Amino acid sequence: MLLALWAFSRGSKRLHDYVWQHPRFGPYVQDWTLHRIIPRKAKVAAVTMLSVSAIYLLLVTSLPNWAKLAGCTIMLMVATWLWVQSETNE
């Protein structure tokens, strides 16, 4: 959602405002934009999905090993960055 808001802010004020005011996603986007806070449950959901994606990448795809390693390394870096960001107890 953060990437979408950034892209929308560059291209479409209407879509930016839609995401910003969305009843479900808006508070998360506003917390990040205004206070650099990511709720714990959002972190857990994101890291869980990254883990599932890494397992799928390693076990199911037929990509070369270097591509699997690169994908898993990027996912690990994103998960690490995400986890060290400030959080709320929501």
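Bear in mind that the values here come from a model prediction, so they are computed numbers and not experimental data.
Residues passing the salt bridge (charged side-chain N to carboxylate O under 4.0 Å, His left out) test with K13 are D17, sequence neighbours excluded.
To the nearest 0.5 Å, the span separating CD on Q21 from CD on Q30 amounts to 8.0 Å. Note that NZ of K43 and CD of Q85 are 6.5 Å apart. Values are rounded to the nearest 0.5 Å.
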Side-chain donor/acceptor pairs under 3.5 Å, residues 56-70, sequence neighbours excluded:
unit_1: T61; atom_1: OG1; unit_2: L57; atom_2: O; d: 2.5
unit_1: K68; atom_1: NZ; unit_2: L58; atom_2: O; d: 3.3
unit_1: K68; atom_1: NZ; unit_2: T61; atom_2: O; d: 3.3

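In the hydrophobic clustering of ILVMFWY residues, with side-chain heavy atoms under 4.5 Å counting as a link, L50 and M77 come out apart. Both V29 and L15 sit in one connected hydrophobic cluster of ILVMFWY residues. Membership requires side-chain heavy atoms under 4.5 Å apart, directly or through other members. Hydrophobic clustering (ILVMFWY, side-chain heavy atoms < 4.5 Å, transitive): V44 and V47 are in one cluster.
The aromatic rings of W20 and H16 lie parallel to each other, with less than 30° between the two planes, well short of the 60° mark.
In this structure, M75 and S53 approach most closely via the heavy-atom pair SD-CB, 3.8 Å.
Judged by distance alone, the side chain of H22 and the main-chain N or O of R24 form a donor-acceptor pair under 3.5 Å.
Put simply, the side chain of W32 reaches to within 4.5 Å of the side chain of I38, judged on heavy atoms.
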